[in-house]
Amino acid sequence: MHIRSLRQALVENLIDLISIKSGLMISESKAFDFLSEILPGWWEGDKKEIIRIEVSEFEDAFIHLMYKVGAIQNKEDLTDVVISYVKNNCQQLNLDPTNVMEVYKTVSDLKFHLLENTLQNKTFPEKFLQLPHLEILIRDFKDRYIMHNEMPDSVNWNGIIPLNTLFEEEIIPDGSSPNCYFDQRYIDYLNRQIEDIGKIHWRQFEYLTGEFFQRNGYIVEVTSGRGDGGIDVIAKKENPISGPEMILIQCKKYSDRNPVEVEAVRAFWATINDTGATKGIVATTSRLTSGAKDYCQAKLYRLDSVEHSKIKDWIESMKS
């Protein structure tokens, strides 16, 4: 099966489909950056040229971009997703995994019913309805199917959000999930593109920090961002054993080449004491100098640091 269209129209359709499926609006330049990682493809060349490509070529580009923005967990195509599922459920399907023909027949049958369900909302035969985690397979299949150009069924979105906001603006974008500081789509993107953590806007790093503490049971306030005395996030929690807990967090969105110096940590320690907080944390996308680390350690449990590697763990713990 082929597609015949203007190259630019195909590129625009691809990016629109990524926006609908992932909830992230990406720029053409970002899409091309990601696509440059695979072999030269149909998207390269005169934008006004009419081209004829295999549907599979469009699908390959789509799957690659969905993976790069963190919307899907692997680069399997529709058939591979079904094969993996069948192989993991041979026992429930009463299949001999060494019987290639029987496995192939079941894969074809299940894929047919997945297509029927996706396009016409038809129910599955009883033999498939009894399988574990079928709903996850259905969702994963729909996410990868280019003919199903609708938002995922299970998302809690108010609309599509621009990826550029993560790097260029200090707002929580319209369309973000309700009652959150940092949208899940940004978390999933950074989990896949962790090297971008040092490139995000400093305000977005504060929102990310607030989101982590909120998800861990704290009542969180992200301060105004300016004139806050070095306090970027305040996290409070009632502890029935030790009493009320108030953590002050100072966020340093630095590049790898720019560590947090001891002078900044010393000034923050004064703020912690002045406010009577139970603890202070310096969170950075970079690292602390050895002197800054020593200073934190000398303050025992009241002053701690979270460096780049730990920020990665935060993101990993919050991914979909």
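Quantities reported herein were computed from a predicted structural model and do not represent experimental measurements. Sequence positions, counted from 1, serve as the residue numbers for this chain.
- Between the side chain of Lys21 and the backbone N or O of Lys142, at least one donor-acceptor pair lies under 3.5 Å.
- When atom types are taken as modelled, the side chain of Lys237 and the backbone of Asn216 share a donor-acceptor pair closer than 3.5 angstrom.
- Arg139 places no side-chain N or O within 3.5 Å of a backbone atom of Pro152 that could act as its donor or acceptor partner.
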Taking only distance into account, with no hydrogens and no angle test, what donor-acceptor pairs under 3.5 Å do side-chain atoms of residues 257-270 form with protein atoms, sequence neighbours excluded?
none

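- Heavy atoms only, all atoms of each residue included: Ile26 and Lys30 are closest at CB-CG, 4.4 Å.
- Phe213 and Ile234 are assigned to two separate hydrophobic clusters, defined by single-linkage of ILVMFWY side chains at heavy-atom distances under 4.5 Å.
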Does the pair Glu316 and Asn191 meet the rule for a side-chain contact (heavy atoms from CB on, under 4.5 Å), with working shown? CA-CA 6 Å; Glu316 172 77 18; Asn191 184 61; 3.2 Å; yes
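- Here the shortest heavy-atom pairing between Asn149 and Leu17 reads CB-CD1, 3.8 Å.
- The pair Arg215-Glu211 meets the salt-bridge criterion, with a side-chain N (NZ, NE, NH1 or NH2) lying under 4.0 Å from an Asp/Glu carboxylate O.
- Residues Asp183 and Tyr207 fail the side-chain proximity criterion, which asks for heavy atoms closer than 4.5 Å.
- The NZ atom of Lys111 sits 8.5 Å away from the CD1 atom of Ile83 when rounded to the nearest 0.5 Å.
- Distance alone, capped at 3.5 Å, is enough to place a donor-acceptor pair between the Ser36 side chain and the Asp33 backbone.
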Ile18/Leu24 under side-chain contact (heavy atoms from CB on, under 4.5 Å): CA gap, chis, key distance, verdict: CA-CA 7 Å; Ile18 294 296; Leu24 280 177; 5.9 Å; no
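- Atom CD1 of Ile161 is separated from atom CG of Asn164 by 11.5 Å, given to the nearest 0.5 angstrom.
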In sequence, state the C-alpha distance, the side-chain angles, and the governing distance for His113 and Asp109, and then conclude on side chain to side chain donor-acceptor pair (under 3.5 Å). CA-CA 6 Å; His113 288 291; Asp109 190 22; 3.2 Å; yes
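- Ion pairing between a basic and an acidic side chain is recognised when a charged N comes within 4.0 Å of a carboxylate O; Lys253 and Asp232 show no such pairing.
- In this structure, Tyr189 and Phe167 have perpendicular ring planes: the angle between them is above 60°, well past the 30° mark.
- Ion pairing between a basic and an acidic side chain is recognised when a charged N comes within 4.0 Å of a carboxylate O; Asp188 and Arg192 show no such pairing.
- Under the 4.5 Å side-chain contact rule for hydrophobic residues, Trp43 and Ile50 do not share a cluster.
- Distance CZ/Phe141 to CG/Leu78: 4.5 Å, rounded to 0.5 Å.
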Derivation and outcome, side-chain contact (heavy atoms from CB on, under 4.5 Å), residues Leu163 and Asp196: CA-CA 12 Å; Leu163 180 60; Asp196 280 355; over 6 Å; no
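- Follow the hydrophobic side-chain contacts under 4.5 Å out from Ile187 and you reach Ile194 in the same cluster.
- Counting heavy atoms from C-beta on, the side chains of Leu190 and Ile200 come closer than 4.5 Å.
- Residue Asp174 places its CG atom among 12 or fewer non-hydrogen atoms of other residues, nucleotides or ligands, all under 6.0 Å distant.
- Across all non-hydrogen atoms, the minimal contact from Gln184 to Lys319 is NE2-C, 3.5 Å.
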Go through the steps to decide whether Glu126 and Gln130 satisfy the test side-chain contact (heavy atoms from CB on, under 4.5 Å), and finish with yes or no. CA-CA 7 Å; Glu126 190 66 26; Gln130 303 302 319; 2.3 Å; yes
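- No donor-acceptor pair under 3.5 Å is formed between the side chain of Gln204 and the backbone N or O of His201.
- Put simply, the side chain of Trp42 gets close to the backbone of Glu57: a donor and an acceptor are under 3.5 Å apart.
- For Asn179, the CG atom counts as loosely surrounded, since its 6.0 Å shell holds 12 or fewer non-hydrogen atoms of other residues, nucleotides or ligands.
- Taking every heavy atom of both residues into account, Ser22 and Arg185 meet most closely at O-CD, 3.4 Å.
- For Tyr254 against Ser286, the heavy-atom pair with the smallest separation is CB-CB, 3.7 Å.
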N/O donor-acceptor pairs under 3.5 Å from side chains in residues 118-125, not counting sequence neighbours:
| unit_1 | atom_1 | unit_2 | atom_2 | d |
| --- | --- | --- | --- | --- |
| Thr118 | OG1 | Leu114 | O | 2.8 |
| Lys122 | NZ | Glu116 | OE1 | 3.2 |

Please output the side-chain donor-acceptor pairs of residues 298-314 that fall under 3.5 Å, not counting sequence neighbours, one pair per line with the distance.
| unit_1 | atom_1 | unit_2 | atom_2 | d |
| --- | --- | --- | --- | --- |
| Arg302 | NH1 | Asn273 | OD1 | 2.9 |
| Arg302 | NH2 | Ala277 | O | 2.7 |
| Glu307 | OE2 | Leu288 | N | 2.7 |

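- There is a path of hydrophobic side-chain contacts, each under 4.5 Å, that joins Leu10 to Ile38.
- Residues Ile63 and Arg144 form a side-chain contact, since some pair of their non-hydrogen atoms from C-beta on lies under 4.5 Å apart.
- A donor-acceptor pair is defined here as one N or O able to donate and one able to accept, closer than 3.5 Å; such a pair exists between the side chain of Arg7 and the backbone of Asp46.
- Distance alone, capped at 3.5 Å, places no donor-acceptor pair between the Asp140 side chain and the Ile136 backbone.
- Hydrophobic clustering, with ILVMFWY side chains joined whenever heavy atoms are under 4.5 angstrom apart, keeps Tyr186 apart from Met25.
- Minimum interatomic distance between Val233 and Glu206 (heavy atoms only, all atoms of both residues): CG2-O, 3.7 Å.
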